[in-house]
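These figures come from a predicted structure and were not determined experimentally.
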Amino acid sequence: MATFVLVPGAWHGAWCFEPLARQLRQHGHEAYPLTLTGLGARKHLLGASVNLDTHIDDVVNLLVDEDITDAVLVGHSYGGMVITGAADRLPERVAGLIYVDAFVPADGDSCWTLANDGVRDWYLRGVGTLGYATAPLPFLDPRATAHPLASLLQSIRLRGGLDQVRRRDYVYAELWEGETPFRPTYERLLDDPQWKVHALASTHNVMGNAPDELLKVALGSVSAG
């Protein structure tokens with residue numbers, strides 16, 4: 001049995017992964033849906049100092065505190081940045097990575113550099129008088145909260161630990177309205193033997209629109225590992 005650590009994208013909390021977590025537990029696995037610092041139930045911790053490193057620490061600290069050594073890190077959208085950084089820091093505790101319509105950064109990348117103009121506009125549109133957070137988009141779930149802007153702008157620094165992670169899955173959502181920022185990643189990984197790529201007939205909200213297919217990918221990542 002494996003231990004899944006489920007990391008949401010921008011503006012979201014653990015609630016977006018709770019249904020998948022329940023299904024994984026029903027199959028005998030452990031599952032930890034996370035709310036990152038400054039978001040959701042932890043929105044009282046939002047401040048100018050919350051950045052990508054803060055969110056990577058959220059995952060790293062969970063792995064250490066719970067003594068998890070067989071983690072499958074699952075990251076949606078922005079969460080791909082977070083699971084990349086965590087796996088790079090503690091590769092000995094990570095058995096696999098699943099990117100759910102997510103950014104897959106190289107050293108020096110950020111959400112800002114990997115996003116397209118449409119997504120950058122989303123990031124900036126919600127910056128209010130505080131200046132250090134971007135408000136949730138109007139079409140998101142009512143539970144969505146402001147997201148720390150520094151986490152979207154900070155470049156990731158990698159040390160080479162990712163090379164030790166054997167299993168990598170990428171889930172691509174085909175029904176993004178307009179130009180998806182994830183198509184270049186999807187096309188790049190299709191022919192990479194280190195990756196198993198899945199294209200789903202889903203919007204970006206894969207957890208809500210294609211829950212059965214996402215569960216199948218998650219379970220498959222364990223059986224193939």
Side-chain angles (χ1 to χ4, degrees), residues 1-9 14 17 20-21 24-25 27-37 51-111 113-114 151-152 154-172 182 184-199 206 214-225:
M1 297 295 103
T3 303
F4 289 85
V5 178
L6 310 166
V7 181
F17 269 121
L20 177 61
L24 290 169
R25 294 181 192 121
H27 282 82
H29 302 291
E30 294 284 348
Y32 292 84
L34 287 188
T35 293
L36 298 170
T37 299
N51 58 19
L52 177 59
D53 283 336
T54 309
H55 291 162
I56 293 171
D57 285 340
D58 286 337
V59 178
V60 166
N61 291 340
L62 174 69
L63 296 180
V64 173
D65 290 349
E66 297 293 335
D67 196 23
I68 299 170
T69 58
D70 60 345
V72 178
L73 304 184
V74 182
H76 176 241
S77 198
Y78 161 75
M81 303 289 298
V82 180
I83 67 171
T84 299
D88 182 69
R89 289 192 197 176
L90 292 178
E92 69 278 6
R93 293 181 177 268
V94 178
L97 296 166
I98 302 176
Y99 292 80
V100 183
D101 216 33
F103 294 112
V104 182
D107 183 54
D109 284 336
S110 67
C111 269
T113 62
L114 293 174
S151 71
L152 305 174
Q154 183 185 7
S155 298
I156 196 168
R157 295 303 174 192
L158 302 176
R159 310 165 185 172
L162 284 172
D163 294 340
Q164 300 178 44
V165 180
R166 303 185 312 275
R167 175 75 185 196
R168 306 179 192 187
D169 288 79
Y170 192 85
V171 176
Y172 175 67
F182 303 111
T185 300
Y186 166 67
E187 293 177 341
R188 173 171 59 86
L189 299 181
L190 272 175
D191 297 322
D192 189 328
Q194 290 186 307
W195 290 80
K196 186 171 179 58
V197 178
H198 317 262
V206 180
L214 183 56
L215 175 64
K216 183 178 179 180
V217 171
L219 297 176
S221 73
V222 176
S223 63

**Message:** Within the structure provided, determine whether Arg167 and Leu97 are in side-chain contact (heavy-atom separation under 4.5 Å).
**Reply:** no
**Prompt:** What heavy-atom pair brings Leu90 and Val64 nearest, and what distance separates the two atoms?
**Reply:** CD1-CG2, 3.8 Å
**Request:** Report the residues that fulfil side-chain hydrogen bond (donor to acceptor under 3.5 Å, both in side chains) with Glu66, sequence neighbours left out, ordered by chain and then residue number.
**Result:** Tyr32
**Request:** Identify the heavy atoms of Cys111 and Leu152 that sit nearest to each other, and give their distance.
**Result:** CB-O, 3.3 Å
**Prompt:** Looking at Leu24, Leu34, Leu6, which one forms a side chain to side chain contact (heavy atoms under 4.5 Å, CB included) with Phe17?
**Reply:** Leu6
**Prompt:** What's the shortest heavy-atom distance between Pro91 and Gly161, and which atoms?
**Reply:** CB-O, 3.2 Å
**Prompt:** Can you find a pair of side-chain heavy atoms, one from Ile83 and one from Val74, that are under 4.5 Å apart?
**Reply:** no
**Request:** Just grab all the salt bridge (Lys or Arg N to Asp or Glu O under 4.0 Å) pairs involving residues 188-199, residues at least two apart or on different chains.
**Result:** none
**Prompt:** What residue pairs, at least two apart or across chains, pass salt bridge (Lys or Arg N to Asp or Glu O under 4.0 Å) with a residue in residues 92-103?
**Reply:** Asp67-Arg93
**Prompt:** For Val217 and Val100, what are the C-alpha separation, side-chain angles and deciding distance, and is it a side-chain contact (heavy atoms from CB on, under 4.5 Å)?
**Reply:** CA-CA 10 Å; Val217 171; Val100 183; over 6 Å; no
**Request:** For the residue pair Glu30 and Asp70, establish whether any side-chain heavy-atom pair is separated by less than 4.5 Å.
**Result:** no
**Prompt:** Do the ring planes of Tyr170 and Tyr99 sit parallel (below 30°), tilted (30 to 60°) or perpendicular (above 60°)?
**Reply:** parallel
**Item:** Least distance between heavy atoms, Pro105 atom then Ile156 atom
**Value:** CB-CG2, 3.9 Å
**Request:** State the OG1-CG distance between Thr3 and Leu63, to the nearest 0.5 angstrom.
**Result:** 9.5 Å
**Asked** Run the side-chain contact (heavy atoms from CB on, under 4.5 Å) check on His55 and Val7 step by step: do they pass?
**Response** CA-CA 10 Å; His55 291 162; Val7 181; over 6 Å; no
**Complete:** Contacts of His76 meeting side-chain hydrogen bond (donor to acceptor under 3.5 Å, both in side chains) (sequence neighbours excluded), chain-then-number -> none
**Request:** Evaluate the side-chain contact (heavy atoms from CB on, under 4.5 Å) criterion for residues Leu114 and Met81: first the C-alpha distance (whole Å), next the side-chain angles of each, then the deciding distance (0.1 Å), finally the verdict.
**Result:** CA-CA 10 Å; Leu114 293 174; Met81 303 289 298; 4.1 Å; yes
**Message:** For a quick test of reading the model, state the closest non-hydrogen atom pair linking Val82 to Ile56 and the distance between them.
**Reply:** O-CG1, 3.9 Å
**Message:** Going by the rule side-chain hydrogen bond (donor to acceptor under 3.5 Å, both in side chains), which residues pair with Tyr172 if we only count those two or more places apart in sequence or in a different chain?
**Reply:** Arg183
**Complete:** salt bridge (Lys or Arg N to Asp or Glu O under 4.0 Å) filter on Arg89, not counting sequence neighbours, yields Asp53, Asp57
**Prompt:** Run the side-chain contact (heavy atoms from CB on, under 4.5 Å) check on Ser110 and Phe103 step by step: do they pass?
**Reply:** CA-CA 9 Å; Ser110 67; Phe103 294 112; over 6 Å; no
**Where Ala106 and Leu158 come nearest, the two heavy atoms and their spacing** = C-CD1, 3.9 Å
**Prompt:** Checking Thr35 side chain against Ala14 main chain: does a donor-acceptor pair fall under 3.5 Å?
**Reply:** yes
**Asked** Below 4.5 Å, heavy atoms only, C-beta onward: do Tyr78 and Leu52 meet side chain to side chain?
**Response** yes
**Prompt:** Quick one: CG on Asp169 to CG on Leu214, what's the gap to the nearest 0.5 Å?
**Reply:** 10.5 Å
**Prompt:** Checking Asp109 side chain against Ser155 main chain: does a donor-acceptor pair fall under 3.5 Å?
**Reply:** no
